[in-house]
Amino acid sequence: MPTLLVGTRKGLFVLSSDDERREWAVSAPVLKGWEVFHAVPDPRDDSVYAATNSFVYGATVHRSQDRGETWTRAAELGLPEETGLTLEKTWHLRPGREAEDGRLWLGGAPGVLFRSDDSGATWEAVQSLVGHESRDRWNPGAGGMCCHSIQLDPDDPERMYVAISAAGTFRSEDGGESWELANSGVAADFFPDNPFPEVGQCVHKLLVHPARPERLWQQNHCGVYRSDDHGRNWERLEGNGLPSGFGFPIMLDPSDPDTAFVIPEEGAENRVTPDGRLGVYRTRDGGQSWERLDGGLPHPAWVAVLRESSSFDDGGVYFGTQSGSVFASADGGDTWVEAATHLPPILSVEAADWR
Amino acid sequence: MLAAEAGGQRRFEVEADTVGSVLRSLPVANLVFDERGQLRQLVNVYVDGVDVREHDGMDTRLTGSEEIRLVAAIAGG
(Lines give C-alpha, C1' and ligand atoms only; values in the text may rest on other atoms or scores of the structure.)
Protein backbone atom coordinates (compact mmCIF):
# COMPACT_ATOMS: atom_id res chain seq x y z
CA MET A 1 0.00 0.00 0.00
CA PRO A 2 1.61 3.33 -0.98
CA THR A 3 2.29 5.27 2.19
CA LEU A 4 3.83 8.66 2.89
CA LEU A 5 5.52 9.60 6.14
CA VAL A 6 5.00 13.35 6.42
CA GLY A 7 7.08 15.12 9.05
CA THR A 8 5.82 18.51 10.18
CA ARG A 9 6.57 21.18 12.74
CA LYS A 10 3.82 19.60 14.86
CA GLY A 11 4.40 15.88 14.67
CA LEU A 12 4.26 13.10 12.10
CA PHE A 13 1.33 12.28 9.81
CA VAL A 14 0.91 9.06 7.84
CA LEU A 15 -0.85 9.21 4.48
CA SER A 16 -2.04 6.02 2.84
CA SER A 17 -3.52 5.22 -0.55
CA ASP A 18 -3.97 2.45 -3.07
CA ASP A 19 -1.94 1.76 -6.18
CA GLU A 20 -3.76 4.50 -8.13
CA ARG A 21 -2.50 7.09 -5.63
CA ARG A 22 -5.46 9.42 -6.17
CA GLU A 23 -7.32 9.12 -2.86
CA TRP A 24 -5.33 9.46 0.35
CA ALA A 25 -6.28 8.91 3.97
CA VAL A 26 -4.54 11.13 6.52
CA SER A 27 -3.80 9.86 10.02
CA ALA A 28 -3.99 11.83 13.22
CA PRO A 29 -0.56 13.13 14.22
CA VAL A 30 1.87 11.09 16.27
CA LEU A 31 5.05 12.27 17.97
CA LYS A 32 3.05 15.27 19.10
CA GLY A 33 5.13 18.21 20.23
CA TRP A 34 8.14 17.13 18.19
CA GLU A 35 9.35 18.75 15.00
CA VAL A 36 9.85 15.79 12.69
CA PHE A 37 12.69 16.78 10.39
CA HIS A 38 12.66 13.39 8.65
CA ALA A 39 10.92 10.05 9.07
CA VAL A 40 12.02 6.99 7.17
CA PRO A 41 10.81 3.41 6.89
CA ASP A 42 13.29 0.62 7.49
CA PRO A 43 12.21 -2.23 5.21
CA ARG A 44 14.61 -4.63 6.95
CA ASP A 45 12.38 -4.98 10.00
CA ASP A 46 9.37 -2.75 9.25
CA SER A 47 10.50 -0.12 11.75
CA VAL A 48 10.05 3.63 11.34
CA TYR A 49 12.72 6.05 12.48
CA ALA A 50 12.21 9.78 12.97
CA ALA A 51 14.70 12.62 13.41
CA THR A 52 12.94 14.65 16.06
CA ASN A 53 13.66 18.06 17.52
CA SER A 54 12.19 20.18 20.27
CA PHE A 55 13.09 23.73 21.21
CA VAL A 56 12.80 22.67 24.84
CA TYR A 57 14.09 19.10 24.91
CA GLY A 58 16.71 19.13 22.16
CA ALA A 59 17.52 16.81 19.26
CA THR A 60 16.98 13.07 19.22
CA VAL A 61 15.78 10.06 17.22
CA HIS A 62 12.63 8.02 17.78
CA ARG A 63 11.90 4.49 16.59
CA SER A 64 8.54 2.76 16.19
CA GLN A 65 8.09 -0.96 15.64
CA ASP A 66 4.34 -0.79 15.26
CA ARG A 67 4.05 1.71 12.40
CA GLY A 68 3.84 4.77 14.58
CA GLU A 69 1.56 3.74 17.42
CA THR A 70 4.29 3.65 20.06
CA TRP A 71 7.80 5.06 20.03
CA THR A 72 11.09 4.61 21.84
CA ARG A 73 13.75 7.29 22.00
CA ALA A 74 17.49 6.97 21.51
CA ALA A 75 19.27 6.33 24.80
CA GLU A 76 22.60 7.87 23.83
CA LEU A 77 23.06 10.57 21.22
CA GLY A 78 25.51 13.42 21.42
CA LEU A 79 28.91 14.68 20.38
CA PRO A 80 32.01 13.87 22.43
CA GLU A 81 33.26 16.79 24.49
CA GLU A 82 36.66 16.75 22.78
CA THR A 83 35.03 17.75 19.50
CA GLY A 84 34.12 21.11 20.98
CA LEU A 85 30.74 20.72 19.28
CA THR A 86 27.26 20.11 20.63
CA LEU A 87 24.40 18.56 18.73
CA GLU A 88 22.00 21.23 17.50
CA LYS A 89 19.52 19.30 15.37
CA THR A 90 18.91 15.86 13.93
CA TRP A 91 18.14 16.10 10.22
CA HIS A 92 18.25 12.95 8.17
CA LEU A 93 18.14 9.18 8.67
CA ARG A 94 19.29 6.40 6.38
CA PRO A 95 18.86 2.71 7.20
CA GLY A 96 21.90 0.60 6.42
CA ARG A 97 22.08 -2.08 3.79
CA GLU A 98 20.08 -5.28 3.91
CA ALA A 99 22.98 -7.28 5.32
CA GLU A 100 23.94 -4.62 7.89
CA ASP A 101 21.70 -5.71 10.71
CA GLY A 102 20.82 -2.86 13.06
CA ARG A 103 22.92 -0.25 11.26
CA LEU A 104 21.62 3.25 10.63
CA TRP A 105 23.15 6.58 9.68
CA LEU A 106 22.04 9.93 11.03
CA GLY A 107 22.94 13.39 9.78
CA GLY A 108 22.64 16.45 11.93
CA ALA A 109 23.84 19.93 12.69
CA PRO A 110 26.52 21.23 13.02
CA GLY A 111 27.67 19.17 10.01
CA VAL A 112 27.80 15.86 11.83
CA LEU A 113 27.21 12.21 10.99
CA PHE A 114 26.38 9.41 13.43
CA ARG A 115 26.26 5.64 13.09
CA SER A 116 24.15 3.23 15.08
CA ASP A 117 24.66 -0.53 15.11
CA ASP A 118 21.84 -1.31 17.54
CA SER A 119 18.77 -0.12 15.67
CA GLY A 120 19.00 3.44 16.88
CA ALA A 121 19.36 2.90 20.63
CA THR A 122 22.87 4.36 20.77
CA TRP A 123 24.71 6.51 18.26
CA GLU A 124 28.40 7.11 17.72
CA ALA A 125 29.71 10.21 15.99
CA VAL A 126 31.65 9.47 12.80
CA GLN A 127 34.91 11.16 13.73
CA SER A 128 36.32 11.02 10.21
CA LEU A 129 33.67 13.53 9.13
CA VAL A 130 33.21 15.42 12.39
CA GLY A 131 36.94 16.07 12.43
CA HIS A 132 37.41 16.44 8.67
CA GLU A 133 40.41 18.55 7.77
CA SER A 134 38.27 20.90 5.71
CA ARG A 135 35.82 21.74 8.52
CA ASP A 136 37.23 25.22 9.06
CA ARG A 137 36.03 26.04 5.54
CA TRP A 138 32.43 24.95 6.20
CA ASN A 139 29.71 27.50 6.94
CA PRO A 140 26.10 27.22 8.11
CA GLY A 141 23.27 27.95 5.72
CA ALA A 142 19.97 29.48 6.74
CA GLY A 143 18.89 26.18 8.30
CA GLY A 144 22.10 25.71 10.23
CA MET A 145 25.06 23.58 9.12
CA CYS A 146 22.99 20.53 8.40
CA CYS A 147 24.08 17.11 7.18
CA HIS A 148 20.92 16.47 5.19
CA SER A 149 21.75 13.82 2.61
CA ILE A 150 23.13 10.34 3.19
CA GLN A 151 23.28 8.06 0.17
CA LEU A 152 24.54 4.48 0.01
CA ASP A 153 25.85 3.04 -3.24
CA PRO A 154 23.58 0.07 -4.00
CA ASP A 155 26.37 -1.87 -5.71
CA ASP A 156 29.45 -1.12 -3.63
CA PRO A 157 29.04 -1.83 0.10
CA GLU A 158 31.91 0.49 0.97
CA ARG A 159 30.87 3.56 -1.05
CA MET A 160 28.60 6.21 0.42
CA TYR A 161 28.01 9.94 0.21
CA VAL A 162 26.94 12.70 2.52
CA ALA A 163 26.05 16.31 1.74
CA ILE A 164 26.26 19.23 4.11
CA SER A 165 25.07 22.79 3.69
CA ALA A 166 27.30 24.71 3.24
CA ALA A 167 30.22 22.36 3.00
CA GLY A 168 29.39 20.32 -0.09
CA THR A 169 29.40 16.68 -1.07
CA PHE A 170 31.71 14.08 0.49
CA ARG A 171 32.34 10.55 -0.80
CA SER A 172 33.64 7.63 1.19
CA GLU A 173 35.05 4.50 -0.46
CA ASP A 174 35.68 2.72 2.83
CA GLY A 175 32.36 2.66 4.61
CA GLY A 176 32.77 6.03 6.28
CA GLU A 177 36.34 5.63 7.55
CA SER A 178 37.55 8.50 5.37
CA TRP A 179 35.95 11.14 3.16
CA GLU A 180 36.96 12.79 -0.11
CA LEU A 181 35.59 16.09 -1.33
CA ALA A 182 33.28 15.68 -4.33
CA ASN A 183 32.55 19.22 -5.48
CA SER A 184 34.48 19.62 -8.72
CA GLY A 185 32.48 21.78 -11.11
CA VAL A 186 29.93 22.85 -8.51
CA ALA A 187 29.63 26.61 -8.12
CA ALA A 188 29.61 28.61 -4.93
CA ASP A 189 28.66 32.00 -6.38
CA PHE A 190 28.50 33.48 -2.90
CA PHE A 191 32.31 33.41 -2.90
CA PRO A 192 32.86 35.98 -5.71
CA ASP A 193 36.64 35.81 -5.39
CA ASN A 194 36.62 32.02 -5.80
CA PRO A 195 33.29 30.74 -7.15
CA PHE A 196 34.56 27.14 -7.58
CA PRO A 197 36.23 26.31 -4.27
CA GLU A 198 37.30 22.83 -3.29
CA VAL A 199 34.82 22.85 -0.42
CA GLY A 200 32.10 25.10 0.99
CA GLN A 201 29.39 24.50 -1.60
CA CYS A 202 25.79 24.87 -0.54
CA VAL A 203 24.29 21.61 -1.71
CA HIS A 204 20.61 21.47 -0.86
CA LYS A 205 19.87 17.83 -1.69
CA LEU A 206 21.90 14.94 -3.08
CA LEU A 207 20.59 11.70 -4.60
CA VAL A 208 22.20 8.61 -6.13
CA HIS A 209 20.23 6.97 -8.89
CA PRO A 210 19.29 3.52 -7.59
CA ALA A 211 19.62 1.78 -10.96
CA ARG A 212 22.73 3.60 -12.14
CA PRO A 213 24.73 4.37 -9.03
CA GLU A 214 27.58 6.20 -10.74
CA ARG A 215 24.98 8.87 -11.56
CA LEU A 216 24.36 11.48 -8.88
CA TRP A 217 22.01 14.43 -8.93
CA GLN A 218 22.05 17.48 -6.73
CA GLN A 219 19.91 20.54 -6.25
CA ASN A 220 22.26 23.22 -5.05
CA HIS A 221 21.96 26.80 -3.86
CA CYS A 222 23.75 27.62 -7.11
CA GLY A 223 22.10 25.39 -9.70
CA VAL A 224 21.07 21.86 -10.56
CA TYR A 225 23.86 19.34 -11.27
CA ARG A 226 24.46 15.81 -12.50
CA SER A 227 27.53 13.65 -12.11
CA ASP A 228 28.17 10.44 -14.05
CA ASP A 229 31.34 9.43 -12.23
CA HIS A 230 30.40 9.03 -8.56
CA GLY A 231 30.61 12.75 -7.91
CA ARG A 232 34.14 13.31 -9.20
CA ASN A 233 32.92 15.83 -11.75
CA TRP A 234 29.65 17.71 -11.98
CA GLU A 235 27.79 19.34 -14.89
CA ARG A 236 25.53 22.33 -14.29
CA LEU A 237 22.18 21.76 -15.97
CA GLU A 238 19.81 24.67 -15.74
CA GLY A 239 19.21 27.45 -18.25
CA ASN A 240 17.22 25.38 -20.72
CA GLY A 241 13.72 25.47 -19.35
CA LEU A 242 14.17 26.12 -15.66
CA PRO A 243 13.03 29.55 -14.43
CA SER A 244 15.66 29.45 -11.70
CA GLY A 245 18.53 27.27 -10.60
CA PHE A 246 17.57 27.76 -6.97
CA GLY A 247 15.47 25.23 -5.13
CA PHE A 248 15.64 22.53 -2.49
CA PRO A 249 14.03 19.19 -3.41
CA ILE A 250 14.95 16.81 -6.19
CA MET A 251 13.16 13.61 -7.17
CA LEU A 252 14.09 10.74 -9.48
CA ASP A 253 12.43 8.01 -11.49
CA PRO A 254 13.94 4.75 -10.23
CA SER A 255 13.34 3.10 -13.61
CA ASP A 256 14.89 5.87 -15.74
CA PRO A 257 18.27 7.41 -14.81
CA ASP A 258 17.70 10.27 -17.27
CA THR A 259 14.59 11.54 -15.49
CA ALA A 260 14.61 13.96 -12.59
CA PHE A 261 12.22 16.49 -11.09
CA VAL A 262 12.91 19.80 -9.35
CA ILE A 263 10.74 22.56 -7.91
CA PRO A 264 12.49 25.89 -8.54
CA GLU A 265 12.15 28.88 -6.28
CA GLU A 266 12.71 32.48 -7.27
CA GLY A 267 16.11 32.72 -5.63
CA ALA A 268 18.10 32.77 -2.44
CA GLU A 269 16.63 36.08 -1.31
CA ASN A 270 13.01 35.14 -2.08
CA ARG A 271 12.50 31.43 -1.51
CA VAL A 272 9.09 30.93 -3.05
CA THR A 273 7.43 29.86 -6.31
CA PRO A 274 8.56 32.16 -9.15
CA ASP A 275 5.72 34.49 -10.24
CA GLY A 276 3.17 32.40 -8.38
CA ARG A 277 3.35 29.74 -11.10
CA LEU A 278 3.80 26.55 -9.11
CA GLY A 279 5.27 23.83 -11.26
CA VAL A 280 7.33 20.70 -11.05
CA TYR A 281 10.03 20.72 -13.72
CA ARG A 282 10.94 17.41 -15.29
CA THR A 283 13.86 16.39 -17.42
CA ARG A 284 13.88 13.16 -19.41
CA ASP A 285 17.24 13.71 -21.04
CA GLY A 286 19.59 13.89 -18.11
CA GLY A 287 19.03 17.58 -17.49
CA GLN A 288 19.66 18.89 -20.99
CA SER A 289 16.09 20.26 -21.12
CA TRP A 290 13.28 20.76 -18.64
CA GLU A 291 9.51 20.97 -19.02
CA ARG A 292 7.09 22.56 -16.58
CA LEU A 293 4.31 20.32 -15.22
CA ASP A 294 1.39 21.83 -13.35
CA GLY A 295 -1.63 19.60 -14.03
CA GLY A 296 -3.73 19.65 -10.89
CA LEU A 297 -1.48 22.07 -9.02
CA PRO A 298 -3.07 25.25 -7.63
CA HIS A 299 -2.68 28.54 -9.47
CA PRO A 300 -1.63 31.06 -8.48
CA ALA A 301 0.35 29.68 -5.57
CA TRP A 302 3.32 30.94 -3.66
CA VAL A 303 4.73 27.94 -1.84
CA ALA A 304 8.05 26.81 -0.48
CA VAL A 305 9.21 23.20 -0.45
CA LEU A 306 11.98 22.28 1.97
CA ARG A 307 14.92 20.00 1.18
CA GLU A 308 13.47 16.87 2.82
CA SER A 309 9.95 17.44 1.53
CA SER A 310 9.96 15.36 -1.61
CA SER A 311 10.09 11.67 -2.33
CA PHE A 312 9.47 9.05 -4.99
CA ASP A 313 8.82 5.35 -5.34
CA ASP A 314 8.21 2.94 -8.20
CA GLY A 315 4.78 4.38 -8.89
CA GLY A 316 4.73 7.96 -7.69
CA VAL A 317 6.34 11.32 -7.11
CA TYR A 318 5.49 13.39 -4.04
CA PHE A 319 6.16 16.74 -2.40
CA GLY A 320 4.91 18.73 0.56
CA THR A 321 4.80 22.47 1.15
CA GLN A 322 5.47 24.71 4.09
CA SER A 323 1.81 25.72 3.77
CA GLY A 324 0.77 22.19 4.71
CA SER A 325 -0.23 20.53 1.45
CA VAL A 326 1.03 17.23 0.07
CA PHE A 327 0.86 16.65 -3.67
CA ALA A 328 1.14 13.26 -5.35
CA SER A 329 1.52 12.21 -8.97
CA ALA A 330 1.10 8.69 -10.28
CA ASP A 331 1.86 9.51 -13.93
CA GLY A 332 5.41 10.77 -13.81
CA GLY A 333 4.48 14.30 -12.84
CA ASP A 334 1.97 15.03 -15.61
CA THR A 335 -0.94 15.40 -13.18
CA TRP A 336 -1.09 15.90 -9.44
CA VAL A 337 -3.63 15.42 -6.68
CA GLU A 338 -3.62 17.21 -3.35
CA ALA A 339 -3.21 14.23 -1.04
CA ALA A 340 -3.46 16.31 2.14
CA THR A 341 -4.09 19.92 2.99
CA HIS A 342 -4.11 22.13 6.09
CA LEU A 343 -1.33 20.17 7.77
CA PRO A 344 1.23 22.05 9.86
CA PRO A 345 4.28 23.30 7.93
CA ILE A 346 5.78 20.27 6.22
CA LEU A 347 9.42 19.48 6.90
CA SER A 348 9.76 16.09 5.22
CA VAL A 349 8.06 13.57 2.95
CA GLU A 350 9.23 9.98 2.60
CA ALA A 351 7.57 7.19 0.64
CA ALA A 352 7.03 3.79 2.20
CA ASP A 353 5.40 0.60 0.97
CA TRP A 354 3.32 -0.85 3.80
CA ARG A 355 1.45 -4.07 3.06
CA MET B 1 5.64 15.68 26.03
CA LEU B 2 7.71 14.49 28.97
CA ALA B 3 4.90 12.29 30.23
CA ALA B 4 4.45 10.77 26.78
CA GLU B 5 8.20 10.09 26.61
CA ALA B 6 7.96 8.42 30.02
CA GLY B 7 5.35 5.98 28.80
CA GLY B 8 2.50 8.11 30.06
CA GLN B 9 3.73 8.27 33.65
CA ARG B 10 3.45 11.76 35.15
CA ARG B 11 4.66 11.18 38.71
CA PHE B 12 7.68 9.33 40.05
CA GLU B 13 8.72 8.63 43.61
CA VAL B 14 12.49 8.72 43.92
CA GLU B 15 14.88 8.54 46.86
CA ALA B 16 17.94 10.72 46.34
CA ASP B 17 20.01 13.38 48.04
CA THR B 18 20.00 16.08 45.40
CA VAL B 19 17.72 17.44 42.74
CA GLY B 20 20.21 16.42 40.07
CA SER B 21 20.24 12.83 41.30
CA VAL B 22 16.48 12.70 41.15
CA LEU B 23 16.29 14.05 37.61
CA ARG B 24 19.08 11.79 36.34
CA SER B 25 17.16 8.76 37.54
CA LEU B 26 14.14 9.56 35.38
CA PRO B 27 13.50 7.84 32.04
CA VAL B 28 13.45 11.30 30.44
CA ALA B 29 16.85 12.35 31.82
CA ASN B 30 18.37 12.71 28.36
CA LEU B 31 15.63 15.18 27.44
CA VAL B 32 16.01 17.23 30.61
CA PHE B 33 19.82 17.35 30.36
CA ASP B 34 21.94 18.05 27.30
CA GLU B 35 24.87 15.92 26.13
CA ARG B 36 27.19 17.74 28.56
CA GLY B 37 24.91 16.91 31.46
CA GLN B 38 23.66 20.46 31.82
CA LEU B 39 20.02 21.22 32.52
CA ARG B 40 18.48 22.44 29.29
CA GLN B 41 17.94 26.16 29.19
CA LEU B 42 14.17 26.04 28.73
CA VAL B 43 13.48 23.42 31.38
CA ASN B 44 12.52 24.91 34.74
CA VAL B 45 12.75 22.88 37.93
CA TYR B 46 10.84 23.76 41.07
CA VAL B 47 11.25 22.23 44.55
CA ASP B 48 8.12 22.77 46.57
CA GLY B 49 7.29 25.69 44.33
CA VAL B 50 10.69 27.40 44.37
CA ASP B 51 12.90 27.58 41.26
CA VAL B 52 16.09 25.61 41.97
CA ARG B 53 18.08 28.37 40.32
CA GLU B 54 17.30 30.32 43.51
CA HIS B 55 18.94 27.49 45.47
CA ASP B 56 21.92 25.44 44.38
CA GLY B 57 20.56 24.27 41.07
CA MET B 58 21.12 20.57 40.50
CA ASP B 59 23.14 20.40 43.73
CA THR B 60 20.16 21.52 45.79
CA ARG B 61 19.97 19.17 48.78
CA LEU B 62 16.84 17.22 49.56
CA THR B 63 15.90 16.32 53.11
CA GLY B 64 12.55 14.61 53.09
CA SER B 65 9.41 14.53 51.01
CA GLU B 66 9.86 17.44 48.66
CA GLU B 67 7.86 17.68 45.49
CA ILE B 68 9.87 18.45 42.38
CA ARG B 69 8.11 19.78 39.30
CA LEU B 70 9.51 19.97 35.78
CA VAL B 71 8.00 22.76 33.69
CA ALA B 72 8.85 23.79 30.14
CA ALA B 73 9.52 27.51 29.91
CA ILE B 74 7.02 29.71 28.13
CA ALA B 75 8.61 30.09 24.71
CA GLY B 76 8.27 29.02 21.11
CA GLY B 77 5.44 29.07 18.59
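Quick note on labels: first sequence line is chain A, next is B, and so on, each numbered from 1.
- The distance from atom CG of B:N30 to atom CG of A:L77, rounded to the nearest 0.5 Å, is 8.5 Å.
- Contacts of A:W71 with chain B are absent, with no heavy-atom separation under 4.5 Å from either backbone or side chain.
- Taking all atoms of both residues into account, the shortest heavy-atom contact from A:W34 to B:E5 is NE1-OE2, 2.9 Å.
- Formation of a donor-acceptor pair under 3.5 Å by the B:D34 side chain with backbone atoms of A:T86 is not found in this model.
- No more than 12 heavy atoms of other residues, nucleotides or ligands sit less than 6.0 Å from atom CG of A:D101.
- The nearest pair of heavy atoms linking A:V56 to B:A72 is CG1-CB, 4.0 Å.
- Side-chain contact between B:R36 and A:E81 is present, with at least one heavy-atom pair separated by less than 4.5 Å.
- Residues A:R73 and B:L31 form a side-chain contact, since some pair of their non-hydrogen atoms from C-beta on lies under 4.5 Å apart.
- You'll find the side chain of A:Y57 reaches within 4.5 Å of the side chain of B:V43, heavy atoms only.
- Around the CD atom of A:E338, the shell of radius 6.0 Å holds more than 12 heavy atoms that belong to other residues, nucleotides or ligands.
- Of the atoms belonging to A:S54, it is side-chain heavy atoms, and not backbone ones, that fall under 4.5 Å from chain B.
- In terms of heavy-atom proximity, B:E35 sits nearest to A:L85 at OE1-O, 4.5 Å.
- Other residues, nucleotides and ligands place more than 12 heavy atoms under 6.0 Å from the CD atom of A:E82.
- Shortest non-hydrogen contact noted between B:L42 and A:F55 is CD1-O, 3.4 Å.
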